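Notes for the one structure printed next.
First listed ligand is number 1; within each ligand, the first listed atom is number 1. Given the structure is predicted, the values throughout are model-derived calculations rather than measurements.
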Amino acid sequence: MPWEIRHHKQGIHLPQIDWWLDAWRPVQRSFVSHAHFDHVAEHKEFICTAATARLVRARMRGRRVEHHLAFGQAEQLTADSTITLHPAGHMLGSAQCLIAHAQHGSLLYTGDFKLRPSRAAEPCAAPRADTLVMETTFGRPQYVFPPDEKVFADIIAFCRDALAGGATPVLYAYTLGKSQEVLSGLAGAQLPVMLHQEVHRLTRVYETLGAAFPPYTIFDAAPDALAGHVVICPPQRGSDDSAFLQKIPARRTAMITGWAIDRATVYRSRCDAAFPLSDHADYNDLLRFVELVQPKLVYTTHGFADDFARTLRARGVEAWPLGRDTQMDLL
Ligand SMILES: [Zn+2]
């Protein structure tokens with residue numbers, strides 16, 4: 001009998017074993033793939049890596065039963081099933097879960113994942129599975145990212161240009177995961193870096209988990225302190241509304257996101273530049289991942305889930321977007 005996979009308003013549910021996957025509203029028990037807020041809520045009981053638990057604790061109060069699993073360590077989940085976590089390459093501690101069931105076969109749930117190596121996450125694994133539930137944020141062919149080395153070379157050139165013109169380069173990167181990857185990518189560039197207070201706090205947590213970074217300091221708006229530094233901060237709204245940006249009168253801003261592939265991103269984010277560094281797999285890596293896992297059946301979720309499922313079917317892999325009326329597609 002195949003796996004039943006239900007898409008509810010709380011998240012993805014596996015009714016046959018009554019476990020949730022990355023439920024975003026509180027439930028009884030859920031696997032938590034990583035510490036981003038759209039993948040975690042105040043569940044009574046959850047399974048995750050020790051690093052994810054530490055990062056969740058840094059951002060969310062409350063008590064719960066936590067099961068911390070090391071990568072590659074199989075644990076009994078129900079009487080008929082085991083669970084094993086594998087690195088997802090998305091951020092520190094991010095995990096995919098592989099559930100092996102006596103009747104339903106194996107199911108791999110990716111959570112958010114990045115197949116190419118990240119500078120601030122464990123390398124992504126691609127274990128074989130019968131059923132694959134995968135995130136497909138960038139599931140359209142135009143989302144093919146340049147090599148990260150090229151993107152970092154461009155970011156470093158942008159920073160040097162800004163500094164040479166007497167401005168402070170300000171890099172917008174999400175607080176958890178992306179900021180640490182950007183900081184790591186500036187290693188060796190001889191650019192002194194200041195981190196926004198919340199980025200600084202979470203980077204310290206990364207360090208307690210064993211991550212190493214080039215030197216950095218906490219943001220200081222005093223002109224003498226700020227001069228000559230690159231600033232990494234969470235994305236700011238329009239420069240007129242942002243109290244943080246107002247502390248940096250002469251600045252050049254850049255958004256760091258996979259969506260920078262869209263030319264409109266630079267205008268939409270009201271930045272001077274946008275660079276396509278992502279913590280998600282691009283279109284080519286989504287295809288490569290499916291080839292590596294060799295599933296019999298794929299469910300897609302997040303982003304261009306319909307498009308990517310259609311692409312897989314055209315390539316002879318049975319695939320459906322989660323939570324849609326798949327019959328419609330057959331008409
Ligand atoms: Zn995420």
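Side-chain atoms of His7 and His13 form no donor-acceptor pair, as typed in the model, at a separation below 3.5 Å. His43 and Gln28 form no side-chain donor-acceptor contact under 3.5 Å, judged by distance and modelled atom types alone. Defined by atom type and a distance below 3.5 Å, a donor-acceptor pair is missing between the side-chain atoms of Tyr143 and Asn284.
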Item to check | Verdict with reasoning, His302 to His280, per side-chain hydrogen bond (donor to acceptor under 3.5 Å, both in side chains) | outcome: CA-CA 11 Å; His302 289 85; His280 292 264; over 6 Å; no

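Note on Asp112: counted as a metal contact of the Zn ion (ligand 1), an N/O/S atom lying under 2.8 Å. Taking backbone and side-chain atoms together, His280 has no N/O/S atom less than 2.8 Å away from the Zn ion (ligand 1). Counting backbone and side-chain atoms alike, His39 contributes no N/O/S atom closer than 2.8 Å to the Zn ion (ligand 1).
In terms of distance to the Zn ion (ligand 1), the nearest N, O or S atom of His34 is named NE2. Summary: ND1 is the N/O/S atom of His36 found nearest to the Zn ion (ligand 1).
Atom CZ of Arg57 sits in a crowded spot, with more than 12 heavy atoms from other residues, nucleotides or ligands closer than 6.0 Å.
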